[in-house]
J.: 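First, the structure itself, so that you have it in front of you.
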Amino acid sequence: MEFPTVCPACARENRAEFTDSSVHDLTCAHCGARYCVFLRKQRFEVLFDLGTRALMDGYAREAVASFAAALERFFEFYVWAFTLERAANAEQEFGAALSGLEGTWRHVASQSERQLGMFALAYLLREGREPDFLTARGLGTDFRNRVIHRGALPSRAEVEAYAALVFALIDRLLTELGPGAAHAELAQEQVFAAHLAGLPDGVTAVFEEHPGMFRARRFGGLAPTPKLSPQPVPGQVPGQARKPGKAVNDARAYQQALFRQALEERGALLRSFKGPPLNVPPGRE
């Protein structure tokens, strides 16, 4: 999948393919200038946004695969954030902590169940409580397996509900991580710094942050969504905000409201990732 980027030399649009490293060495198709785009976006963010784009374009089944992968990669992100945060609190050198983490992760890199186990332990140690959301219902596992492994063809409504569940869970855990997320983001910055140091003369470095569903909450204007109870409180004035509720149906409604709010804010921007090139300014054909 591609995203748009603007050449720093001629200001015309080029399209680049996402990479695992978020580093993109490009040559402008219009003027031949060489530049490197460093995309400040974690892999789980890219995957979730790709799922959102697929859903908006009508590819419901493909969207499920991206949302499921986004959740798995977020669990990885959480483990890295927790481990590096803990190392920082212990005044351990960042490079040594990162090296140890990378070596350890290699043992579970191809085994999703073990990765989930590492996440569960990381959550327990950081928050001091059981990750009680790690259930088939809490993760939408049955729906995911039915679509991905058994070839079921889901409706858009089903996929939207699954997307809302994944979004709400990641959003909640990011909120709990708070500044701790910066420790995992620093690992990406180190990758950027190493590549930047090796760029030849004449190559322009461009750092970009593309619109994302989670960045709407962290860096944009997306405000918290109150969780409403399914029934009005006795004596409540019509239109007045309801008290928080704990019913399952209410939780699902809250998840979907949160997802739709983020989609409303960022959906139009995400659509441009897959749309036609921007109009070329007059005189630059």
J.: Identify whether the distance between the nearest side-chain nitrogen and carboxylate oxygen of E185 and R40 falls below 4.0 Å.
T.: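 The answer is no: the pair does not qualify as a salt bridge.
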J.: What salt bridge (charged side-chain N to carboxylate O under 4.0 Å, His left out) pairs are there with at least one residue in residues 138-154, not counting sequence neighbours?
T.: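 Of all non-adjacent pairs touching residues 138-154, those that pass salt bridge (charged side-chain N to carboxylate O under 4.0 Å, His left out) are E72-R144, R146-E158.
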J.: For the pair E2 and R53, find out whether any cationic side-chain nitrogen is under 4.0 Å from an anionic carboxylate oxygen.
T.: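 Between R53 and E2 there is no salt bridge, as every charged N stays at least 4.0 Å from the carboxylate O atoms.
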J.: Determine, using the 4.5 Å side-chain heavy-atom cutoff (strictly less than), whether L196 and V206 are members of one ILVMFWY cluster.
T.: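 Cluster IDs for L196 and V206 differ.
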J.: Quick test of your reading of the model: are E76 and R43 salt-bridged, counting only N-O distances below 4.0 Å?
T.: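 Salt bridge absent between E76 and R43.
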J.: Taking salt bridge (charged side-chain N to carboxylate O under 4.0 Å, His left out) as the cut-off, I'd like each qualifying pair that reaches into residues 91-108, sequence neighbours left out, listed once.
T.: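 Every pair satisfying salt bridge (charged side-chain N to carboxylate O under 4.0 Å, His left out) with a residue in residues 91-108: there are none.
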J.: Using the ring of each side chain (for Trp, its six-membered ring), is F167 parallel, tilted or perpendicular to F48, with breaks at 30° and 60°?
T.: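 F167 and F48: tilted rings.
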J.: Could you check F38 against V191 for side-chain contact (heavy atoms from CB on, under 4.5 Å), going step by step and ending with a plain yes or no?
T.: CA-CA 10 Å; F38 298 89; V191 172; over 6 Å; no
J.: Has the side chain of Q190 got a donor or acceptor atom that lies under 3.5 Å from a matching backbone atom of A187?
T.: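 No: the side chain of Q190 does not pair with the backbone of A187.
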J.: Y78: which residues meet the ring pair (Phe, Tyr, Trp, His ring centres under 6.0 Å) condition with it, sequence neighbours left out?
T.: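 Y78 satisfies ring pair (Phe, Tyr, Trp, His ring centres under 6.0 Å) with F119 only.
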J.: Measure the CZ-OG distance between R73 and S112 for me, rounded to the nearest 0.5 Å.
T.: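 With rounding to 0.5 Å, CZ (R73) is 8.5 Å from OG (S112).
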J.: Would a single hydrophobic cluster contain both V203 and F207, if residues Ile, Leu, Val, Met, Phe, Trp and Tyr are joined by side-chain heavy-atom contacts under 4.5 Å?
T.: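 As far as the 4.5 Å side-chain criterion goes, V203 and F207 are connected within one cluster.
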J.: Are L47 and L139 in one and the same hydrophobic cluster, where Ile, Leu, Val, Met, Phe, Trp and Tyr link if side-chain heavy atoms are under 4.5 Å apart?
T.: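 L47 and L139: separate clusters.
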J.: Do N14 side-chain atoms and P4 backbone N/O form a donor-acceptor pair below 3.5 Å?
T.: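 Pair absent, no side-chain N/O of N14 close to backbone of P4.
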